[in-house]
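Positions are given from 1 along the sequence. Scope of the values below: all heavy atoms of this structure, side chains included, with no hydrogens, waters or symmetry mates.
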Amino acid sequence: MVRIQFRKAQKKEGKNARSSQANSKMIKSDLVGMHVKRFAEIKPGAQDSSEYLTVLNWLADTIDTGDEAMVAHLGNQMRHTPGAWQGLINMLECKHEAAVHLVLFAIGNLSSAAVDPQAHLTKQLLQHLGVFERILSFLWNEKMLY
């Protein structure tokens, strides 16, 4: 097995380093907002499209590998983008099992204080949307077992 090592980039010092970090955070923030808006576009009946699988994979990857600040920002964007959670919940009706698993992963993680410090706000929103009733069938469903 070949192991590839990458050199760490040297830290920039001074004003340029702060400017570069601020630009990077702004770009990431814009990217989060762009992807979250895609969830708001998902309507019941349209969720079988595999194009949404890409944005679901991005969501799961961001939750799984993003730093604390990024994931907290993601949770905040999901709460404040009208229709984002509803669109994600609509994906529970999807015929792609992988998509359903990713949605359940996102719901579980973004409503956990271990992942998002403001998870209590997400829980309130999910309760208002009646999510528990929607995910109850997935707690024990022989079709979904591997």
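Looking at His96 and Met91, their side chains never come closer than 4.5 Å, going by heavy atoms from C-beta outward. Put simply, the side chain of Met78 does not reach to within 4.5 Å of the side chain of Thr122, judged on heavy atoms. Residues Gln77 and Lys37 fail the side-chain proximity criterion, which asks for heavy atoms closer than 4.5 Å. Using a 4.5 Å heavy-atom cutoff, the side chains of Val100 and Leu104 are in contact. Taking the side chain as every heavy atom from C-beta outward, Leu74 and Leu59 approach each other to under 4.5 Å.
Rounded to the nearest 0.5 angstrom, Thr81 OG1 and Leu88 CG are separated by 12.0 Å. The NZ atom of Lys95 lies 13.0 Å from the CD atom of Glu97; values are rounded to the nearest 0.5 Å. Here the straight-line distance linking atom CG of Leu102 with atom CG of Leu53 works out to 6.5 Å at 0.5 Å rounding. Of the inter-residue distances, the one linking Ile107 atom CD1 with Ser112 atom OG reads 13.5 Å to the nearest 0.5 angstrom.
Of all heavy-atom pairs between Pro82 and Ala40, the closest is O-CB, 3.3 Å. When every heavy atom of Gly66 is checked against every heavy atom of Val71, the shortest pair comes out as O-CG2, 3.8 Å.
For the side-chain contact (heavy atoms from CB on, under 4.5 Å) test, residues two or more places apart in sequence or in another chain that qualify with Asp64 are Phe105. Applying the side-chain contact (heavy atoms from CB on, under 4.5 Å) test to Thr54 and every residue at least two apart in sequence or in another chain returns nothing. With sequence neighbours excluded, the residues satisfying side chain to side chain donor-acceptor pair (under 3.5 Å) with Asn76 are His80. Every residue was checked against the side chain to side chain donor-acceptor pair (under 3.5 Å) condition with Ser111, not counting sequence neighbours, and none meets it. Under the salt bridge (charged side-chain N to carboxylate O under 4.0 Å, His left out) criterion, Arg38 pairs with Glu41, Glu51, not counting sequence neighbours.
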Can you list, pair by pair, the side-chain donor-acceptor contacts under 3.5 Å of residues 123-133, counting residues two or more places apart and other chains?
none

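Here the options are Thr65, Thr62, Ile63, the test is side chain to side chain contact (heavy atoms under 4.5 Å, CB included), and the partner is Met70; only Thr62 passes.
Linking Ile, Leu, Val, Met, Phe, Trp and Tyr residues whenever their side-chain heavy atoms come within less than 4.5 Å leaves Leu121 and Phe39 in two separate clusters.
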